[in-house]
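Computed from heavy atoms alone, side chains included, the values below leave out hydrogens, waters and symmetry copies.
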Amino acid sequence: MTAVVETVRIAMAEESNELTLDMMFEMLEEMPVPEGYKVEIVGGAIYMSPQRDTHWEIIRRFLWALEDTFGRSVQVKSDVRFDFPGHLNGFCPDVVKLAAEAKQDARGRWDFTDVEFIAEVISKDTAANDYGPKKAVYATAGIPVYVIADPYTGRCHVYTDPKEGEYTGELTATFGMEIDLTIAGSALTLRTDDFPRR
């Protein structure tokens with residue numbers, strides 16, 4: 001079950017007129033977040049959702065596909081904080097491929113402008129974020145390829161060619177199909193025949 005922490009947001013807003021992502025994440029570090037839960041901030045709301053086996057198994061397959069194409073030294077992150085444009089968007093995408101030359105800043109953070117690919121695996125209670133506000137933010141940020149893998153419907157949705165805050169290319173593929181992607185000029189074949197379903 002996913003928890004949306006509205007009370008924390010309200011209490012923090014009362015303490016400061018300038019609510020920042022850093023403040024919110026610092027508060028989260030002090031909260032008793034249950035082990036095995038992913039925490040993100042989407043539009044100023046805090047979302048906590050449990051990680052499930054199906055979720056991880058699909059993430060692993062994305063990682064394998066990226067390594068098969070780009071090699072073991074590919075810059076790939078999972079559940080790492082990225083601050084995206086818009087109001088208080090601190091996302092921890094399931095899979096992120098960074099440009100080879102990407103480097104962390106002085107605070108140890110990665111810049112969203114170095115992101116070449118994002119994959120999100122749907123959790124039932126936060127699906128609306130992945131299909132809605134996060135998709136819009138990724139398009140606004142110019143993320144070239146965004147893939148949603150949905151184990152509840154057995155489909156992958158591929159979004160490409162962001163322009164003016166929207167993805168202009170869209171492909172839907174049923175689990176079992178091979179999906180041809182181009183990421184940073186390299187062809188990547190994503191096999192979904194062994195993607196588990198919920």
Within this structure, what is the [atom1]-[atom2] distance for the pair [X] and [Y], rounded to the nearest 0.5 Å?
X    : Y    : atom1 : atom2 : value
T113 : F82  : OG1   : CZ    : 10.5 Å
T126 : K134 : OG1   : NZ    : 7.0 Å
K103 : L98  : NZ    : CG    : 11.5 Å
L171 : Y159 : CG    : OH    : 10.0 Å
I143 : T160 : CD1   : OG1   : 13.5 Å
R61  : D193 : CZ    : CG    : 9.0 Å

Can you name the nearest heavy-atom pair linking [X] to [Y], along with the distance?
X    : Y    : value
Q75  : A100 : NE2-O, 3.5 Å
L188 : A65  : CD1-O, 3.8 Å
D83  : G90  : OD1-CA, 4.0 Å
H55  : I122 : ND1-O, 4.0 Å
P93  : E120 : CA-OE2, 3.5 Å
P162 : A139 : CB-O, 3.5 Å

In terms of hydrophobic clusters joined by side-chain contacts under 4.5 Å, are [X] and [Y] together?
X    : Y    : result
L66  : V145 : yes
I179 : I183 : yes
V121 : V39  : no
V115 : V80  : yes
I118 : F70  : no

Using a 4.5 Å side-chain heavy-atom cut-off and chaining through intermediate ILVMFWY residues, the residues clustered with W64 come out as none

[X] side chain to [Y] main-chain N or O, any donor-acceptor pair under 3.5 Å?
X    : Y    : answer
R155 : T172 : no
T54  : P196 : no
T192 : M177 : yes
K38  : C92  : yes
S78  : D94  : yes

Check against side chain to side chain contact (heavy atoms under 4.5 Å, CB included), L63 and V76
CA-CA 8 Å; L63 299 175; V76 178; 3.2 Å; yes

Does I41 reach the side chain of L28, with side-chain heavy atoms less than 4.5 Å apart?
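Of all side-chain heavy-atom pairs linking L28 with I41, at least one is under 4.5 Å.
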
Heavy-atom side-chain contact between W110 and V96 under 4.5 Å
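Not touching, per the 4.5 Å side-chain cut-off.
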
Ring centroids only, cut at 6.0 angstrom: are F91 and Y138 within range, meaning strictly under it?
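Yes, they do, as the ring centres are separated by less than 6.0 Å.
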
Scan side-chain atoms only and decide if D22 and T20 contain a donor-acceptor pair under the 3.5 Å cut-off.
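T20 and D22 do not have a side-chain donor-acceptor pair below 3.5 Å.
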
Just to verify, what does F175 make a ring-ring contact (aromatic ring centres under 6.0 Å, His included) with, not counting sequence neighbours?
F195

So with a 6.0 Å cut-off around CZ of R191, is the heavy-atom count from everything else above 12?
no

For atom CD of E170, decide whether the heavy atoms of other residues, nucleotides or ligands shown that lie under 6.0 angstrom number more than 12.
yes

Test N129 against E40 for side chain to side chain contact (heavy atoms under 4.5 Å, CB included), laying out the working first.
CA-CA 10 Å; N129 284 339; E40 292 188 293; 5.8 Å; no

Angle class for the Y131/H157 ring planes (parallel below 30°, perpendicular above 60°, tilted otherwise)?
perpendicular

